[in-house]
Structure formats: C-alpha cells, structure tokens
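Proteins get letters first, then strands, A, B, ... in listed order; numbering begins at 1 in each. Below, all heavy atoms of this structure are taken into account, side chains as well, without hydrogens, waters or symmetry copies.
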Amino acid sequence: MKSEISRVLVKVLKEKDLVLSEKEIEDKIEIPPSSELGDYALPCFFLAAKLRENPVKIANDLRNKIEREKGFEKIEVKGAYLNFFIDKRSFIQKTIKEVLDKKEKYGSSDIGKDKKMMVEHTSINPNASPHVGRSRNAFIGDSLVKVLRFLNHNVEVHYLVNDVSKQIAMLVYGKADNLKFEAMLKKYISVAAKVKKSKKSEKEVFGLLYKFEHNDKETIKRFKKITKIAVDGQTKILRNLGIRYDKFDYESDYITESQKVLENLKKTGKIFNDDGCWVLDLKGTKIEGQMKSPVLVLTRSDGTGLYPLRDIAYTLDKISKTKENIVVLGEDQKLYFQQIVEALKLLKSPYPKAVHYSFILLSEKGKSRKMSTRKGDVVLLEDFVGDAIKKAKKEILKRKTKGDAKKIAIAAVKYAVLKISPNKSINFNLGDALSFEGDTGPYLLYSYARACSILRKSKNKTRKFFNIKEISDKEFQLVKNLSEFPEMVLNSYKNLNPSIIANYSYDLAQSFNEFYHSCKVIGDENENFRIFLVESFKIVLKNSLNLLGIETIKKM
RNA sequence: GCCCGGGUAGCUCAGUCGGAUAGAGCAUCAGGUUCCUAACCUGAGGGUCGCAGGUUCAAAUCCUGUCUCGGGCGCCA
C-alpha cells in the first residue's frame with residue numbers, strides 16, 4: 001500500500017519540479033497514531049527545505065493535485081501532515097483474497113530459495129537437567145529456523161555436544177557414570193563444590209581431560225557414557241517441547257582437527273607461547289580495547305586444547321559444508337564469539353552470524369539474580385513445564401471445557417520467553433510466567449479456538465464472494481493487522497528476532513477479540529463477509545504461531 | 001579501569017529509518033454473560049521515557065557526559 005501511495009506522490013511532485021525516487025518517499029510514509037487521522041501519512045517537513053516553501057502549503061498543494069487520483073477515500077491536511085484515507089473496500093477485498101488464496105503460505109516468500117543454511121543452537125553443557133535460562137537459546141533458535149524455512153531457506157539444524165569439558169570431567173571424577181539423568185544435577189553440584197575447594201581434586205579433573213585427549217580408551221568410555229545420559233535426558237525434555245535437531249555434532253570429534261588448526265595458526269605468525277600455553281595475539285583487531293590484553297588462549301599449559309581451538313575447527317568444518325551459518329549464543333559469549341571471528345579471519349575463512357540473547361534472571365521480591373547450575377540455584381525447565389501443565393489442567397477443569405493441557409502449557413512457556421526482545425534480560429518469576437490471562441500464550445490459543453468455534457457453528461456455506469455493506473472500525477483494524485503479517489515476518493528475519501512475531505501475534509489476537517465482542521458473526525446480515533474475515537484471521541494467527549513453535553488447538 | 005547490552009506507569013514489557021495526544025498486559029477500582037467460548041471485552045486512575053546538556057521545524061528514539069543494573073575482559077565452555 002505504501003508503494004502505491006509513493007508512486008502517486010512521485011508523479012505529483014514532478015509537477016512541482018521535484019524529482020524523488022519512490023523509495024525516498026516510501027521511507028517517509030508512516031502510520032498515524034490514531035486511525036481517525038488517516039491510514040497513512042506523509043509529513044511534509046522534509047519537502048520544505050527542498051522546495052523552499054512552507055510545509056503546510058506544500059501539503060495543501062499536494063492534496064489538491066492528488067485528489068484527482070483514484071484509490072483513496074479522502075485525503076486530508078492536518079498541520080504539515082498529508083493524511084491518506086485508503087479505499088477500505090478494495091483494501092479489504094485485496095487482503096482477504098490474498099490470505100485465502102495463499103493460506104499456510106501467506107506471509108511466506110522466496111527470498112531464501114536455493115539458499116543453504118546451517119543453524120546451530122541450544123548446545124547445552126551435557127552435565128545436568130537444563131534450567132529455564134537455557135531454554136531461551138532453544139526457543140529462539142527453533143523459532144529462527146522456522147522463520148528461515150518459511151522464507152524457503154534450506155536449513156539444517158545442528159546441536160553441538162560439548163563432551164570435552166571440565167564439567168564432564170568433574171562428573172567422571174565424581175563417578176556419575178552409573179547415575180540416572182535425574183540425579184546428575186545433585187552430583188554435579190557436590191563435585192563442583194569439592195573441586196572449587198581442593199586444588200588436588202581439580203588437578204585430578206584436569207588429569208582426566210588429559211587422558212581423554214590422549215586417547216585413553218577407558219577414560220573416553222566413561223566420558224561418553226555420561227555425555228550420552230545427559231544428552232538423552234536433555235533432548236528428551238526439548239523434544240517434548242517440539243524442538244528437534246537434524247544433526248548432533250560432537251566436540252570430541254574435532255580434537256585431531258584442532259591440532260591442525262593450531263599448526264595453521266602458528267603459520268600466521270600471530271601465535272606465541274606463554275608458560276606452555278599457545279596464545280593467539282589479537283592486537284590490531286576489534287578485540288583491542290575490549291580486553292586487558294587482546295589475546296585468545298588456545299591451549300592449557302599442559303598442552304591440552306581449550307574449547308576455542310576445537311570450536312574453530314568445528315566452525316571451519318561447518319562452513320566447508322554450508323557457507324551460511326547462524327549460531328545462537330548467550331550474552332556471555334559476545335566477546336568470545338568476536339575472538340573466534342578474528343581467528344577465522346586470520347585463517348581467511350568466512351564466519352557465522354551470531355544471535356545473542358541476555359540471561360533469564362530469577363526474580364523474587366523485586367530483586368533479580370542469575371541462575372547457577374553449579375550452585376543449584378535454578379528453576380528447571382522440566383519442572384516449570386510440569387507446573388504449567390498442572391495449571392492448564394486446573395483451568396480446564398474449572399471451565400469444564402475441552403483442551404489439550406500440554407499444548408496450552410507449552411504455548412504459555414514458549415510465548416513467555418519469546419515475546420521479550422533477545423537483548424533484554426528476562427526477569428522470571430513463576431507467578432507471572434504461569435499467568436494465563438492477558439498477554440500470554442493461552443490468550444493466543446483461546447482467540448484461535450474462538451475463531452474455530454465460529455466457523456464450526458456457522459451454517460453459511462456460500463463462501464464464494466462477499467459483499468461488504470458497512471465497515472466497522474474493529475473489522476477494518478483486524479484486516480489491517482492481517483495485512484501486516486508478511487512485513488512482520490521479514491522484519492523478524494532481518495533482525496533475527498522472534499519477539500517481533502510474538503508481539504505481532506498478540507496484537508492480531510487482541511484485534512480479533514475486540515472484533516469478536518463488537519461484531520456478531522453468525523446470523524448477522526454481514527455474516528458472509530465476517531466468516532471470510534474470521535477464516536483469514538485463523539489462517540494468519542496459525543501461521544504466526546507456527547513460526548514461534550506454538551501449536552494451535554481447535555477447542556479449549 | 002575498559003568494552004558490549006538494558007533503564008519507558010507500582011510490576012512485566014511494546015514503541016517501525018527522528019514525526020501528531022508515549023501504548024499493552026498484570027495489579028487496583030467501576031462495569032459487561034437470556035447473545036458465535038468471560039482464558040474475553042468496556043471504562044477509570046497511574047508517565048519529568050534514569051539524570052544533565054547538545055543537534056533538529058520536531059527527540060523515548062540521534063550525539064556528549066553522568067548514574068544505575070546485567071554481561072565480558074588469559075589457561076571455564
């Protein structure tokens with residue numbers, strides 16, 4: 001719609017001897033704060049300098065010239081604003097037709113066609129049951145994958161298992177091999193406490209890592225066993241939430257390769273040995289000024305490789321398979337990731353794009369604190385989802401309705417995390433997070449179920465064309481929201497930010513609920529048109545929620 | 001100390017490339033169900049957009065300084 005308006009404006013401005021591109025005008029067009037002012041507006045201040053005229057006069061001039069054009073209900077001038085009221089009927093016809101024609105493809109596009117991509121996300125330390133903080137990575141990653149696929153990218157989803165870590169070594173040291181997944185957290189906490197206190201235990205832990213790296217069969221077996229228990233347990237919880245991966249990569253598979261990486265880095269001359277450690281000098285890069293001394297430490301003084309070295313090897317491998325890579329990382333890895341990027345640049349390799357998100361903090365009595373697996377100060381994802389399911393069951397029982405408690409609970413959990421912009425930390429408190437009213441996942445599902453209910457009960461089967469007699473504000477607002485969806489998807493893609501779609505879903509559902517209350521559908525003289533509108537809403541909300549990894553339900 | 005993010009209503013958050021009267025939810029108060037699902041809707045109160053300067057016709061939005069919270073800054077991953 002904006003482009004149509006700017007086309008007209010370009011034409012009219014030419015008459016005033018001012019040549020501007022459609023893009024220039026389109027960028028200036030905005031949506032007025034209130035629909036009473038119009039549907040679109042052009043502030044004319046920027047034209048004042050170019051035309052050396054009073055902006056209010058310019059606005060009036062333009063209006064007089066444009067009024068000859070078709071497609072607008074009316075055009076008004078308010079101050080220096082040129083306000084367009086679009087022809088509602090044709091706009092509604094056009095929007096609804098597009099939604100109903102494209103259905104589950106509405107909002108999609110081909111911009112990713114033939115583009116191969118790899119997204120790595122979640123990659124939780126395989127040491128314990130994940131806490132809700134970790135879920136943010138999985139939810140964001142999963143949603144991004146869905147957005148990319150919706151835009152027709154060919155995406156492969158990878159999960160990196162960090163099986164060569166001090167964390168696992170500690171569990172081996174604590175003889176966790178025979179434990180069940182559920183018992184690992186407690187064990188991890190106690191070993192971590194012990195290792196922190198005793199230098200001797202810590203040395204033994206590193207000794208285990210040394211053996212692992214130097215191919216000690218028995219040690220490797222023990223590491224692998226614990227890793228398997230942890231990864232199986234963790235991915236089971238995530239699978240239960242509908243999150244899946246195409247491929248699991250193991251850090252330990254990159255030990256050999258990482259030695260080659262070290263050799264190649266040595267050839268760059270940017271590496272020096274400090275007390276046994278191999279260190280990459282990052283002077284002269286962006287890192288300078290961000291660290292006390294701009295370096296990246298690649299090995300321990302006993303020669304064993306550190307994670308960055310294996311990560312570089314892993315990343316090079318990913319890039320050799322798929323050129324375009326995205327990796328989802330916590331905010332604590334911002335600097336780290338930049339270091340890796342600099343190392344990759346040195347090796348003349350392309351590098352992935354990173355999506356960073358802030359932490360979920362536990363909020364109690366107005367104070368927030370970071371979760372700590374090591375200290376056991378966490379809300380486990382599994383427990384949280386369990387609480388949400390219980391709550392959903394209770395609500396269903398209270399209302400004596402039908403509904404899938406698990407789907408409602410998952411919607412609540414995912415939406416609560418995804419609606420917040422990734423760069424913002426989430427202050428998490430159980431009460432708010434388990435709320436099912438207002439700006440929540442269940443509200444969205446409820447709106448969807450309502451729409452389904454109307455469609456189920458309507459006997460109107462004409463469904464061929466619709467005639468609009470009168471258009472109410474609520475109806476028009478809903479159509480406007482529907483028409484915004486494709487733009488929102490693109491926005492979310494460009495910014496790699498699912499919260500844009502989450503917030504949009506809420507706006508859309510809210511519009512629908514307002515419409516629902518002010519406009520009767522079944523039995524009304526406008527039933528035919530309104531059924532089309534409800535059907536369109538149902539399609540768009542479903543498409544939108546799908547991108548968040550939230551499944552819709554027909555009844556609740 | 002340096003670097004990167006936040007700071008918007010009592011609380012949790014939106015706010016498009018700088019635009020008109022800064023918006024939601026929760027909480028509080030007042031209403032709405034013989035009618036398609038009240039997990040809903042309508043209304044009210046509640047704001048120095050952290051603070052101070054600057055740029056601009058116009059600043060929550062851009063610039064500078066400052067306070068504050070989160071993250072990071074050499075052998076964790």
Original post:
Where the side chain of N513(A) is concerned, which of A20(B), C26(B), C41(B) is the nearest nucleotide?
Top reply: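 The answer is C41(B), which lies nearest to the side chain.
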Original post:
Picking from G7(B), A20(B), G5(B), which would you name as closest to the side chain of Y81(A)?
Top reply: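 Closest nucleotide to the Y81(A) side chain: A20(B).
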Provide the distance between the two [atom1] atoms, one in [N] and one in [M], to the nearest whole Å.
{"N": "G46(B)", "M": "U28(B)", "atom1": "C1'", "result": "10 Å"}
{"N": "C41(B)", "M": "U33(B)", "atom1": "C1'", "result": "11 Å"}
{"N": "C62(B)", "M": "A14(B)", "atom1": "P", "result": "16 Å"}
{"N": "A20(B)", "M": "C13(B)", "atom1": "C1'", "result": "24 Å"}
{"N": "G7(B)", "M": "U12(B)", "atom1": "P", "result": "12 Å"}
{"N": "A60(B)", "M": "G53(B)", "atom1": "P", "result": "14 Å"}
{"N": "G70(B)", "M": "C75(B)", "atom1": "P", "result": "22 Å"}
{"N": "C26(B)", "M": "G45(B)", "atom1": "C1'", "result": "15 Å"}

[X] [atom1] - [N] [atom2] separation (whole Å):
{"X": "N54(A)", "N": "C57(B)", "atom1": "CG", "atom2": "P", "answer": "14 Å"}
{"X": "F512(A)", "N": "A39(B)", "atom1": "CZ", "atom2": "P", "answer": "14 Å"}
{"X": "I522(A)", "N": "U37(B)", "atom1": "CD1", "atom2": "C1'", "answer": "11 Å"}
{"X": "E514(A)", "N": "A38(B)", "atom1": "CD", "atom2": "P", "answer": "15 Å"}
{"X": "L42(A)", "N": "U16(B)", "atom1": "CG", "atom2": "P", "answer": "19 Å"}
{"X": "F515(A)", "N": "U37(B)", "atom1": "CZ", "atom2": "P", "answer": "13 Å"}
{"X": "I500(A)", "N": "C13(B)", "atom1": "CD1", "atom2": "P", "answer": "17 Å"}
{"X": "N423(A)", "N": "G6(B)", "atom1": "CG", "atom2": "P", "answer": "5 Å"}

For [X], report the nucleic acid contact type (base, sugar-phosphate, nothing); a contact means any heavy atom under 4.0 Å.
{"X": "I408(A)", "answer": "base"}
{"X": "D163(A)", "answer": "nothing"}
{"X": "E487(A)", "answer": "nothing"}
{"X": "I360(A)", "answer": "nothing"}
{"X": "F436(A)", "answer": "base"}
{"X": "N427(A)", "answer": "sugar-phosphate"}
{"X": "A49(A)", "answer": "nothing"}
{"X": "C452(A)", "answer": "nothing"}
{"X": "E30(A)", "answer": "base"}

Original post:
For every nucleotide of nucleotides 68-77 of chain B, 5' to 3': is a protein heavy atom under 4.0 Å from its base (B), only from its sugar-phosphate (S), or from neither (-)?
Top reply: --BSBSBBSB
Original post:
What about the rings of Y443(A) and F436(A), do their centers lie closer together than 6.0 Å?
Top reply: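 They do not qualify: ring centres at least 6.0 Å apart.
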Original post:
Quick one: are the ring centres of Y159(A) and F248(A) less than 6.0 Å apart?
Top reply: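 Yes, they do, as the ring centres are separated by less than 6.0 Å.
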With a 4.0 Å cutoff (strictly under), does any side-chain N or O of [X] reach OP1 or OP2 of [N]?
{"X": "R399(A)", "N": "A39(B)", "answer": "yes"}
{"X": "K424(A)", "N": "A14(B)", "answer": "yes"}
{"X": "R530(A)", "N": "C36(B)", "answer": "no"}

So that I can tick it off, tell me whether [Y] and [X] are bridged by a salt bridge, with the cut-off set at under 4.0 angstrom between side-chain N and carboxylate O.
{"X": "K334(A)", "Y": "E331(A)", "result": "no"}
{"X": "K480(A)", "Y": "D39(A)", "result": "yes"}
{"X": "K28(A)", "Y": "E26(A)", "result": "no"}

Subject >> Side-chain donor/acceptor contact of D432(A) with base of C26(B) under 3.5 Å >> reply: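 There is none.
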Does [N] have a Watson-Crick or wobble partner in any strand here, with both distances under 3.5 angstrom, and which is it?
{"N": "G25(B)", "result": "C11(B)"}
{"N": "C62(B)", "result": "G54(B)"}
{"N": "G45(B)", "result": "none"}
{"N": "C73(B)", "result": "G1(B)"}

Student check: side-chain heavy atoms of [X] and [Y] closer than 4.5 Å:
{"X": "L533(A)", "Y": "L482(A)", "answer": "yes"}
{"X": "L209(A)", "Y": "R300(A)", "answer": "yes"}
{"X": "R450(A)", "Y": "N513(A)", "answer": "yes"}

**OP:** Measure the distance between the ring centre of F45(A) and the centre of the six-membered base ring of A58(B), then answer whether it is under 5.5 Å with planes under 30°.
**Re:**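 It does not: the ring fails the test against the base of A58(B).
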Would you mind writing out the side-chain donor-acceptor pairs for residues 286-298 of chain A within the sub-3.5 Å range, not counting sequence neighbours?
{"from": "E288(A)", "atom 1": "OE1", "to": "G284(A)", "atom 2": "N", "distance (Å)": "2.7"}
{"from": "Q290(A)", "atom 1": "NE2", "to": "K286(A)", "atom 2": "O", "distance (Å)": "3.2"}
{"from": "Q290(A)", "atom 1": "NE2", "to": "Q338(A)", "atom 2": "OE1", "distance (Å)": "3.2"}

Subject >> Residues touching RNA chain B, which here means a heavy atom under 4.0 Å, drawn from residues 502-509 of chain A >> reply: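 Under 4.0 Å from RNA chain B: Y506(A).
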Fit a plane to each ring of [X] and [Y], take the angle between them on a 0 to 90° scale, and name the class: parallel (under 30°), tilted (30 to 60°) or perpendicular (over 60°).
{"X": "Y210(A)", "Y": "H214(A)", "value": "parallel"}
{"X": "F428(A)", "Y": "F384(A)", "value": "perpendicular"}
{"X": "F223(A)", "Y": "F212(A)", "value": "tilted"}
{"X": "Y314(A)", "Y": "Y254(A)", "value": "perpendicular"}

**OP:** Pull up the glycosidic torsion of C17(B) and say syn or anti, syn being anything within 90° of 0.
**Re:**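 That one's syn.
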Subject >> D27(A) vs S447(A), nearer the 5' end of RNA chain B by closest nucleotide >> reply: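 Between the two, 5'-proximity favours D27(A).
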